[in-house]
Amino acid sequence: MIEADVCVVGAGAGGAVVAAELAEGGANVVLLEQGPAHNPDSFTARPPQMLARLYRDGGQTVTFGTPPIGLPLGRGLGGTTMVNSGTCFRTPPRVLERWQGEFGLELSEASMRPHFERVERALSVSEVTPELAGNNASVARRGAERLGWSHGYLRRNAKGCVGSGVCAFGCPTSAKQHTGITYIPRAERAGARILTGVDVKRVLVKGGRATGVDGGEVEVRAPTVVLAAGAVHTPLLLRSSGIDSNELGRNLTVHPATAAFALMDEIVDMARGVPQSFFVDEFASDGIMLEGVAGPPSYAAIALPLSGRRHQEAMSRYRHLAQFGLMVSDKPRGRIHSVAGRPVIRYDLDPRDLKRFRVGIRRLGELFEAAGALEVYLPLPSGVAPERARALDLKLIGFHPLGSARADARASHGVVDSNLAVHGVDGLHVADGSVVPSALGVNPQLTIMALATRLAFKLLGASAP
């Protein structure tokens with residue numbers, strides 16, 4: 001049995017941050033991670049190999065519903081921060097205002113600013129340069145400028161990036177500053193004990209307060225427990241620990257996304273440069289965000305919405321292909337429960353979000369046409385126009401599961417309160433995407449990390465950084 005002041009479960013965007021900040025603040029911290037520590041020297045940049053190595057279930061997590069949605073999740077020290085695109089948006093002010101009014105959360109742009117700034121310094125966040133963004137971004141920028149749409153280069157957590165183009169398959173140069181190479185080493189230097197390969201079964205609760213966790217062969221006794229196992233697995237852990245909440249496992253959002261390709265006259269070489277480096281936020285107020293996406297030929301061959309000879313002909317001109325993505329700020333339509341110890345995710349696309357996809361896909365086509373595309377390949381079956389697309393016609397993927405243990409000041413409406421403390425259980429907190437009460441409309445890693453920073457300072461009884 002291990003004794004500590006704080007036990008943190010999960011080493012991704014939330015857990016690694018909490019562990020480092022608490023350890024540096026003088027707390028005796030134990031961090032438990034189910035996955036392994038990954039050696040970046042072994043990263044091959046080959047998607048089939050790296051999917052099997054870096055992702056949970058080889059990246060094959062899928063929601064059940066209409067339509068099915070792929071939900072790839074990172075596994076190991078760094079969690080999904082190790083395999084995401086590195087995009088760093090702060091929580092939009094309008095979203096924070098909604099959280100204050102609708103969920104009673106004590107979060108404002110001013111109060112969150114120091115936490116965002118602290119995370120951004122730790123991650124070396126900066127804006128992508130046009131040169132590093134590559135030709136794929138240049139195509140989108142040309143289209144946006146000709147259409148007069150609001151746009152810009154994304155801010156990312158990267159240092160010394162050379163544009164390898166395989167962010168989602170493990171950065172081969174360790175330029176991406178994921179938590180496994182930033183916060184985890186900080187936690188270790190401050191004395192935190194990091195244990196990998198530990199499958200936590202439940203939180204130990206006695207007399208209405210957390211006393212530690214049961215990790216099978218590893219048991220930790222600690223008066224404070226922070227769960228950061230992610231929006232899919234945290235609600236299952238809470239439920240197996242006897243936590244009773246009507247909202248547990250509900251209210252899941254995933255930011256469903258899709259992408260279009262275009263055949264250009266010029267050489268694009270989409271995998272050279274930062275894959276997600278450019279955005280178009282002209283329609284953000286309508287819940288539609290357009291963001292860059294790209295990858296090597298093996299990735300493009302899977303993602304290209306063509307078949308047969310047309311697919312073969314398009315792939316033979318891979319160097320001339322461009323791609324751009326569409327993400328929808330969705331309604332909370334998902335629910336997570338467990339069957340035989342495995343998570344089952346039910347998610348049905350809301351009719352209002354289907355309308356957003358119809359509009360967004362049409363906008364992607366307009367963007368590429370304005371950029372001078374020879375052909376545009378929309379992510380729809382042959383002959384289906386965007387305005388007539390059904391939910392089952394969409395080929396979607398979700399990278400941002402959120403909300404399954406959402407924060408709300410009222411115990412009847414949420415699982416945790418404004419301070420991310422679980423309602424009704426002293427000493428138990430949650431610090432991952434599951435607490436985010438609604439879709440953000442932007443990539444969430446910076447929001448999760450800032451909320452985790454805020455939690456750590458509150459647990460230390462310290463003022464904001």
Side-chain angles (χ1 to χ4, degrees), residues 11-14 16-17 38 40 43 45 47 50-51 54-55 59 72-91 116-134 136-137 140 152-185 230 255 257 259 270-279 281 289-296 299 323-325 327 397-401 432-433 440-450 452-453:
V17 172
H38 295 285
F43 292 175
M50 302 318 296
L51 279 167
L54 303 180
Y55 286 78
L73 306 170
R75 183 172 180 268
L77 292 184
T80 301
T81 71
M82 184 173 48
V83 292
N84 67 18
S85 295
T87 299
C88 290
F89 280 105
R90 295 187 183 187
T91 316
F116 280 121
E117 291 174 346
R118 185 173 179 84
V119 173
E120 288 165 349
R121 286 194 299 270
L123 299 182
S124 302
V125 174
S126 62
E127 186 176 290
V128 180
T129 64
E131 295 75 22
L132 192 57
N136 195 60
Y153 289 99
L154 289 163
R155 288 168 59 80
R156 303 177 67 245
N157 57 318
K159 183 168 62 175
C161 178
V162 296
S164 301
V166 288
C167 301
F169 309 108
C171 179
T173 64
S174 293
K176 183 167 62 177
Q177 301 296 287
H178 62 81
T179 60
I181 62 174
T182 52
Y183 282 93
I184 291 297
H255 279 163
M270 69 162 73
R272 294 188 177 182
V274 176
Q276 193 168 90
S277 56
F278 190 78
F279 68 91
D281 61 351
M289 177 69 85
L290 308 183
E291 291 185 353
V293 59
Y299 153 81
Q323 188 186 18
F324 214 64
M327 182 174 76
I397 191 165
F399 298 101
H400 308 148
D432 57 31
L440 297 167
V442 296
N443 307 56
Q445 75 166 348
L446 211 61
T447 293
I448 296 169
M449 297 171 83
T453 301

Value rounded to 0.5 Å, distance of CZ in R156 from OG in S126
8.5 Å
I need the C88 SG to F116 CZ distance, nearest 0.5 Å.
10.5 Å
I'd like to know if the side chain of H255 reaches the main chain of P401, judged simply by a donor and an acceptor atom lying under 3.5 Å from each other, with no hydrogens or angles considered.
no
In Å and rounded to the nearest 0.5 Å, what is the CD1 to NE2 distance from I181 to H38?
13.0 Å
Worked check of side-chain contact (heavy atoms from CB on, under 4.5 Å) between E291 and N443
CA-CA 10 Å; E291 291 185 353; N443 307 56; 2.8 Å; yes
Which atoms form the tightest heavy-atom contact between L77 and A11, and what is the distance?
CD2-CB, 3.6 Å
Once side chain to side chain donor-acceptor pair (under 3.5 Å) is applied, what residue pairs with a partner in residues 76-91 remain, sequence neighbours excluded?
T81-T179, N84-Q445, T87-Q276, R90-E120, T91-T447
Between N136 (side chain only) and P275 (backbone N and O only), is there a donor and an acceptor less than 3.5 Å apart?
no
Has R155 got more than 12 heavy atoms of other residues, nucleotides or ligands less than 6.0 Å from its CZ?
yes
Can you label the angle between the F89 ring and the F279 ring as parallel, tilted or perpendicular, going by 30° and 60°?
perpendicular
Quick one: does D432's side chain have a donor or acceptor within less than 3.5 Å of a partner on G230's backbone?
yes
Side chains of Y299 and V293: does their closest heavy-atom pair fall under 4.5 Å?
yes
Can you give me the closest heavy-atom contact between I184 and A16, atom names plus distance?
CD1-CB, 3.8 Å
I need the D281 CG to M289 CE distance, nearest 0.5 Å.
5.5 Å
Atom of A452, atom of A13 and distance for their closest heavy-atom approach:
CB-O, 4.5 Å
Is there side-chain contact between M449 and L123, with at least one heavy-atom pair below 4.5 Å?
yes
Taken to the nearest 0.5 Å, the spacing of F43 CZ from M82 CE works out to 5.5 Å
S277 side, atom OG; E131 side, atom CD - distance, nearest 0.5 Å
11.5 Å
Considering non-hydrogen atoms only, spot the tightest contact between A158 and C161 and give its length.
CB-CB, 4.1 Å
Mind checking what makes side-chain contact (heavy atoms from CB on, under 4.5 Å) contact with F399, not counting sequence neighbours?
P72, I397
Correct closest heavy-atom pair for N157 and G86 would be OD1-O, 2.8 Å
Y183 versus V119: any side-chain heavy-atom pair under 4.5 Å?
yes
Give every residue pair that meets the salt bridge (Lys or Arg N to Asp or Glu O under 4.0 Å) criterion with at least one member in residues 74-89, sequence neighbours excluded.
none
Verify, without hydrogens or angle tests, whether K176 (side chain) and C167 (backbone) share a donor-acceptor contact under 3.5 angstrom.
yes
Using every non-hydrogen atom in the two residues, find where A294 and M270 come nearest and quote the distance to one decimal.
CB-O, 3.4 Å
